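This report refers to the structure that appears directly beneath it.
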Amino acid sequence: MCGAELHALPEGVQRVARTLQDANHPHAPVMLDGAARTAQEAADGLGVQLGQIAKSVIFKRKEDGVAVLVVASGDRRVDEKKVSALVGKIGRADADFVKAQTGYTIGGVSPVAHLNAPVTLLDQDLWRFEDIWAAAGHPHGVFRLQPEDLKRLTGAPVADVVQAAPEVLA
């Protein structure tokens with residue numbers, strides 16, 4: 001990327017692209033034809049497994065109002081009790097809070113390049129996959145990475161922050 005092509009992208013995607021470029025990440029954001037507001041839409045649009053989508057879920061820490069970002073596998077549900085045990089009591093974040101803290105609208109929240117640095121936790125289940133995909137700052141924007149890239153880009157710890165996976169009956 002030389003930089004000129006960034007200007008055609010939405011502002012949030014440009015911010016993510018610059019962060020990835022500055023970190024020498026090998027994959028630039030791509031814009032999907034269809035929206036990827038949900039993990040399922042992203043997986044369908046990319047032709048990958050639901051679990052390969054690294055969804056960004058924002059909570060609000062009750063004691064100080066700080067944003068808490070949990071990056072979880074698309075096929076898992078975040079366990080708020082597990083997250084609270086690690087970072088303090090959390091509550092749901094509304095769309096205005098998410099936009100003000102991250103600079104992104106819900107459905108396009110990237111795990112990187114937030115306006116205000118959140119407390120971040122990474123779901124250990126993402127390491128089931130070699131390649132994963134994350135939102136790139138817009139409901140149509142995504143970028144490819146590996147779980148270790150996510151750890152490097154965010155500096156966040158890896159933890160058990162999701163509900164137990166359902167048992168598969170043989």
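Predicted, not measured: the structure shown is a model, and the values here were computed from it. What you see below is based on every heavy atom in this structure, not just the backbone, and it leaves out hydrogens, waters and symmetry mates. Counting begins at 1 with the first residue of the sequence.
Contact annotation: the side chain of Phe143 never approaches that of Val30 to less than 4.5 Å [non-hydrogen atoms, C-beta and beyond]. Looking at heavy atoms from C-beta onward, Val109 lies in side-chain contact with Val98 at the 4.5 angstrom threshold. Put simply, the side chain of Pro118 does not reach to within 4.5 Å of the side chain of Val66, judged on heavy atoms. Looking at Met31 and Pro10, their side chains come closer than 4.5 Å, going by heavy atoms from C-beta outward. Looking at heavy atoms from C-beta onward, Gln146 lies out of side-chain contact with Ile132 at the 4.5 angstrom threshold.
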Item to check | Verdict with reasoning, Lys151 to Val158, per side chain to side chain contact (heavy atoms under 4.5 Å, CB included) | outcome: CA-CA 8 Å; Lys151 187 175 177 183; Val158 178; 4.1 Å; yes
Item to check | Candidate pair Ile58 and Val70, rule side chain to side chain contact (heavy atoms under 4.5 Å, CB included), full reasoning | outcome: CA-CA 6 Å; Ile58 299 286; Val70 177; over 6 Å; no
Checklist entry - Would Tyr104 and Arg15 satisfy side chain to side chain contact (heavy atoms under 4.5 Å, CB included), going step by step from the backbone distance to the final call? => result CA-CA 10 Å; Tyr104 307 121; Arg15 200 162 13 112; 3.5 Å; yes
Next on the checklist: side chain to side chain contact (heavy atoms under 4.5 Å, CB included), that's the test. Do Thr154 and Leu122 meet it? Break it down for me.
Outcome noted: CA-CA 9 Å; Thr154 64; Leu122 307 177; 3.8 Å; yes
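Pairs passing the side-chain hydrogen bond (donor to acceptor under 3.5 Å, both in side chains) check and including a residue from residues 117-130, sequence neighbours excluded, read Ser73-Arg128, Asp75-Arg128, Arg76-Asp125, Trp127-Glu148. Listed by first then second residue, pairs satisfying side-chain hydrogen bond (donor to acceptor under 3.5 Å, both in side chains) with a partner in residues 79-89 read Glu80-Arg92, Lys82-Asp160, not counting sequence neighbours. The salt bridge (Lys or Arg N to Asp or Glu O under 4.0 Å) analysis of residues 22-36, with sequence neighbours excluded, yields no pairs. Sorted by first and then second residue, the pairs that involve residues 35-63 and meet salt bridge (Lys or Arg N to Asp or Glu O under 4.0 Å), not counting sequence neighbours, are Arg61-Asp64.
No more than 12 heavy atoms of other residues, nucleotides or ligands shown are found within 6.0 angstrom of CZ on Arg77.
Clustering ILVMFWY residues whenever any of their side-chain heavy atoms sit less than 4.5 angstrom apart, transitively, puts Trp133 in a cluster other than the one holding Leu145. Neither Val57 nor Phe97 shares a network with the other; the hydrophobic side chains, linked directly or stepwise wherever heavy atoms of I, L, V, M, F, W or Y lie under 4.5 Å apart, form separate groups for each. Follow the hydrophobic side-chain contacts under 4.5 Å out from Leu69 and you never reach Val87; the two are in separate clusters. By the rule that hydrophobic residues join a cluster once side-chain heavy atoms approach within less than 4.5 Å of another member, Val162 and Val83 end up as members of one cluster.
Checked against side chain to side chain donor-acceptor pair (under 3.5 Å), Gln49 has no partners two or more places apart in sequence or in another chain. With sequence neighbours excluded, no residue satisfies salt bridge (charged side-chain N to carboxylate O under 4.0 Å, His left out) with Asp96. In this structure, Arg144 has no side chain to side chain donor-acceptor pair (under 3.5 Å) partners at least two apart in sequence or on a different chain. With sequence neighbours left out, the side chain to side chain contact (heavy atoms under 4.5 Å, CB included) criterion links Ala159 to Leu86, Val161. Take Phe59 and apply the ring-ring contact (aromatic ring centres under 6.0 Å, His included) test, not counting sequence neighbours, and it matches no residue. Taking Leu32 as the reference, Ala36, Leu46, Val142 meet the side chain to side chain contact (heavy atoms under 4.5 Å, CB included) condition, with sequence neighbours excluded.
Among all heavy-atom pairs drawn from Ala100 and Asn116, the shortest one is O-ND2, 3.4 Å. Minimum interatomic distance between Val13 and Pro29 (heavy atoms only, all atoms of both residues): CG1-CB, 3.7 Å. The two residues Asp131 and Gln52 make their nearest non-hydrogen contact at O-NE2, 2.9 Å. Shown here for Ile53 and Ala39, the closest heavy-atom pair between the two residues is CG1-O, 3.5 Å. Taking all atoms of both residues into account, the shortest heavy-atom contact from Leu126 to Val71 is CD1-O, 3.7 Å. Between Pro111 and Ala135, the shortest heavy-atom distance links the atoms CD-O, 3.6 Å.
Here OG of Ser56 is found 11.5 Å from CD1 of Ile106. Values are rounded to the nearest 0.5 Å.
Put simply, the side chain of Thr19 never gets that close to the backbone of Ala113: no donor and acceptor are under 3.5 Å apart.
Hydrophobic cluster of Leu50: no remaining members, since no ILVMFWY side chain lies below 4.5 Å from it. Its side chain outside the 4.5 Å cluster rule for every partner, Leu115 clusters with none of the Ile, Leu, Val, Met, Phe, Trp and Tyr residues.
Using cut-offs of 30° and 60° on the angle between ring planes, the pair His140 and His138 is tilted.
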